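Worksheet: one structure, shown below.
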Amino acid sequence: MANEYTNLERNRLEKLERLRAGGIEPFPTRTERTHTSQEAIRQFEAAEAAAKSTGEETPAVVPATLAGRLRSLRAMGKITFAHIEDGEGRVQLFLRANDLGQEQFDLFNREFDLGDFVQAGGEMFRTRTGEPTLKVTSFRLLAKAITPLPAAKDEVVDGQVVRHATLADPETRYRQRYADLVVNPHVRQIFQRRAATIRALRTFLDQRGFIEVETPILQPIYGGAAARPFTTHHNQLKQDLYLRISFELYLKRLTVGMFERVYEIGRDFRNEGVSFKHNPEFTQLEFYWSYADYLQVMDMTEQMVNYVAEQVLGTHRIQFRGQEIDLTPPWKRLTMRDGLLDVTGVDIDAHPTAESLAAAMRQKELPVKPGAARGKLIDSMLSEYLEPNLIQPTFLYDYPRDLSPLAKSKPGNPLTVERFEGFLGGMELCNAFTELNDPLDQEQRFLEMGREYEADDDERHPMDEDYLQAMRYGMPPMGGFGMGVDRLAMLMTDSDSIREVILFPHLRNREE
RNA sequence: GGGCGUGUAGCUCAAUGGCAGAGCAGUGGCCUUUUAAGUCAUUGGUUGAAGGUUCGAGCCCUUCCACGCUCACCA
């Protein structure tokens, strides 16, 4: 569809044509930047400090050529003040007809707009109000902005209400994230913190001897979680493929191959509902640690999250949704049985069958979904009554076996597996267990899952024969771990929605 | 998928069923140290889309679209 220009855009296009007519290329190829905004300011302030210490009246000249986006313009007759912004910050420009000549000065005022990328050369000085500023002796357009940035200046109502209105509409912010990033510096900070979060995770794991690997995103059989996959097709191979819903089964194959400690940070895809904590594609961290069990993984988890906060925020006490969360280890540990007993009065250990558990729940006047399996019933109590109350970091551990087909049973307790989930801020953050490494038991679990989900084909857990083959070669005992990196980024940035920490979140297509 | 809500100028927002407005930005002036400058003037609208009710619809009704919140779903 052809773009239709607004009046404001047409106005800028006319400027662009005038520039071209005057022999000025509005999108030149080269830039001659010598300093970033902050380098120029730092160097100037250093020259000032040096002059002061030696008693000089004027500091040494600091020549600089800067480049950035025009973010403010104040034309005052024969002089103009402006600010340009680059990746590090802002610096003020000072232009004077006397210095530039009337023709150049007029060119700047008439044809340059907010949002344009410009290059400006000159010397640093300090204005009467004390701001380090570039006195411009030459300038050049680097790239014309046709569309005005979606930002307004402040609004003064009755000399009282000052509102620095800027792009706020969530739809526009997500669809045009580039514009959001330009005008909302705090959004840039969110993604800098996200990057720091992922960097800290890598550093933490690398330091502990884990090796980062990459496993297939296109998989012939999906597995490792219960979720509907996205399906695609390879034309030449005439083969349906799935976008992975987890990395688990591939990473565990690598432990068979003697990689004792592996991890992967990457994208998972789940063809399910979208919410403030769900996006169809999301970033996952999984690691597998041979010869460890879920208790060791628990210890490492609290250390890892605490380390991330220290690296990203410089503190162990983070603010999230108006509450302070203390990440300092050790975290609270609670068995699922005790946790549910506390909040619902139902003892899951006393009810080994779905029928018995459902009866107990009805007696406590808890909602029961008819025909639900025991694991589903437990899960519903967990997410309804327990999870929202777990604000401070809490490990919930020892899960029912029928919720966890890839986890190992507790010795002497076949109904319970060695599994934990980490909760904080009322959200599930991670999921881990002592991994099942018995190929015969694993085959049996796959068969059970297949039966259980027979009614709902979408959720069926497909049998992965090759995974069983890997396990038959011998799989070491190990602890495994998975964590939603987006949710960790939410915690590190105090973001209410997963969409705030994903650069380009999924949105429905616009009507033509 | 259900419920509730929102959609008006580039941005942020007004407008009892009765002339579609403001601030900022934009445009044209004045202004040689401003601070998201000041000042005078001024342009800009298919009110998300389509239909309906009405003498008259931004407002009421119906359908559709998008977004937000929420429920359902979601190991």
Side-chain angles (χ1 to χ4, degrees), chain A residues 5-12 14-15 71-83 90 92-99 105 110 113-115 125-131 133 135 145-158 161-175 179 183 224-228 245-246 248 270-280 282 369 373 375-376 378-380 382-384 399-407 417 419 421 428 431-433 449 453 456 458-459 461 482 496-497 499 505 507-512:
Chain A
Y5 289 109
T6 64
N7 289 336
L8 295 177
E9 289 169 329
R10 277 196 287 271
N11 180 263
R12 289 181 177 212
E14 284 164 15
K15 292 182 180 184
R71 294 290 278 127
S72 74
L73 277 171
R74 293 178 295 283
M76 309 176 55
K78 295 282 189 285
I79 63 169
T80 291
F81 288 94
H83 277 90
R90 292 187 184 206
Q92 183 167 252
L93 304 182
F94 174 67
L95 298 92
R96 201 159 57 157
N98 290 14
D99 300 329
F105 184 74
R110 294 185 61 82
D113 291 300
L114 292 176
F125 77 113
R126 206 172 271 278
T127 60
R128 278 179 202 166
T129 53
E131 180 169 348
T133 299
K135 180 184 284 186
I146 307 299
T147 304
L149 294 172
K153 293 206 291 191
D154 60 344
E155 178 183 7
V156 183
V157 180
D158 301 332
V161 178
V162 179
R163 176 165 45 195
H164 298 288
T166 184
L167 181 62
D169 173 45
E171 186 176 353
T172 309
R173 288 187 50 229
Y174 298 148
R175 286 193 195 278
V183 301
R228 278 187 274 269
I245 58 174
S246 89
E248 173 150 0
R270 296 187 183 176
N271 205 340
E272 283 164 1
V274 178
S275 81
F276 74 92
K277 53 182 181 176
H278 297 274
N279 195 61
F282 61 99
K369 195 177 166 189
K376 288 270 183 188
I378 292 171
D379 192 47
S380 71
L382 167 64
S383 50
E384 184 70 20
Y399 277 53
R401 172 187 146 124
D402 51 4
L403 265 179
S404 316
L406 301 166
V417 293
R419 172 180 173 187
E421 290 186 315
E428 178 195 335
N431 178 25
F433 28 90
M449 292 302 287
Y453 286 105
D456 184 355
D458 283 338
E459 285 189 26
H461 213 81
D496 282 339
S497 164
R499 288 185 162 178
L507 295 177
R508 212 178 295 267
N509 277 342
R510 274 287 214 184
E511 183 189 22
E512 275 302 306

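In what follows, chains are A, B, ... by sequence order, proteins preceding strands, each numbered from 1. Predicted model only: the values in this text are computed from it and were never measured.
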Measuring only the [atom1] atom in each nucleotide, how far is [N] from [M]? A whole number of Å is fine.
N      : M      : atom1 : result
B:rU53 : B:rU62 : P     : 15 Å
B:rA15 : B:rG3  : P     : 28 Å
B:rG7  : B:rG48 : P     : 8 Å
B:rA37 : B:rU43 : C1'   : 23 Å
B:rC19 : B:rU47 : C1'   : 15 Å
B:rA14 : B:rA9  : P     : 12 Å
B:rC67 : B:rC40 : C1'   : 41 Å
B:rG52 : B:rC11 : C1'   : 34 Å

base_contact_polar (B:rU34 base, A:Gln92 side chain, donor-acceptor, <3.5 Å) =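 By the distance-only test, yes, there is a pair.
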
Think [X] has a side-chain N or O under 4.0 angstrom from the OP1 or OP2 of [N]?
X        : N      : result
A:Arg508 : B:rC67 : yes
A:Lys376 : B:rC74 : yes
A:Arg71  : B:rA36 : no
A:Arg74  : B:rA37 : yes

Distance-only, no hydrogens or angles: does the A:Arg228 side chain make a donor-acceptor pair with backbone N or O of A:Glu272 under 3.5 Å?
-> no

Are any side-chain N or O atoms of A:Arg419 and backbone N or O atoms of A:Asn431, one a donor and one an acceptor, separated by less than 3.5 Å?
-> no

May I have the distance from [X] (atom [atom1]) to [N] (atom [atom2]), rounded to whole angstrom?
X        : N      : atom1 : atom2 : value
A:Arg228 : B:rG1  : CZ    : P     : 13 Å
A:Asp496 : B:rC69 : CG    : P     : 9 Å
A:Lys135 : B:rU33 : NZ    : P     : 13 Å
A:Phe282 : B:rA75 : CZ    : P     : 11 Å
A:Asp99  : B:rU32 : CG    : P     : 14 Å
A:Phe105 : B:rU32 : CZ    : P     : 9 Å
A:Lys277 : B:rU70 : NZ    : P     : 11 Å
A:Arg173 : B:rG7  : CZ    : P     : 19 Å

Classify the nucleic acid contact of [X] as base, sugar-phosphate or nothing, counting any heavy atom under 4.0 Å across all strands shown.
X        : value
A:Glu421 : sugar-phosphate
A:Asp169 : sugar-phosphate
A:Ser404 : nothing

5'-most contact on RNA chain B (nearest-nucleotide basis), A:Ser275 vs A:Phe94, goes to A:Phe94

When you match A:Ser72 and A:Arg128 each to their closest nucleotide on RNA chain B, which lands nearer the 5' end?
->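 Final value for this comparison: A:Arg128.
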
A:Arg175 side chain: which of B:rA75, B:rC11, B:rA66 is closest?
->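 Within the option list, the nearest is B:rA66.
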
A:Asp379 side-chain proximity, nearest of B:rU34, B:rC11, B:rA75 | B:rA75

Who passes side-chain contact (heavy atoms from CB on, under 4.5 Å) against [X], sequence neighbours left out?
X       : answer
A:Asn7  : A:Arg10
A:Arg90 : A:Arg71, A:His83, A:Glu85
A:Thr6  : A:Leu8, A:Glu9
A:Asn11 : A:Lys15

Side-chain contact test, heavy atoms from C-beta onward, threshold under 4.5 Å: evaluate it for A:Ile79 versus A:Phe94 and give yes or no.
->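 Counting from C-beta outward, A:Ile79 and A:Phe94 do come under 4.5 Å.
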
Side-chain heavy atoms of A:Pro148 within contact of A:Leu114, under 4.5 Å =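 No, every pair of side-chain atoms sits at 4.5 Å or beyond.
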
Which base, if any, makes a Watson-Crick or G-U wobble pair with [N], both distances under 3.5 Å?
N      : value
B:rU12 : B:rA22
B:rU43 : none
B:rG17 : none
B:rU6  : B:rA66
B:rG38 : B:rC30
B:rG51 : B:rC61

Give me the distances for all protein-to-nucleotides 26-30 of chain B N/O pairs that come in under 3.5 Å?
residue	atom	partner	partner atom	Å
B:rU27	OP1	A:Asn11	OD1	3.4
B:rU27	OP1	A:Lys15	NZ	2.5

Trace of the ring pair (Phe, Tyr, Trp, His ring centres under 6.0 Å) decision for A:Tyr399 with A:Phe433 | CA-CA 10 Å; A:Tyr399 277 53; A:Phe433 28 90; 9.0 Å; no

Who passes side-chain hydrogen bond (donor to acceptor under 3.5 Å, both in side chains) against A:Asp99, sequence neighbours left out?
->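 Counting only residues at least two positions away or on another chain, A:Asp99 forms a side-chain hydrogen bond (donor to acceptor under 3.5 Å, both in side chains) with A:Arg96.
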
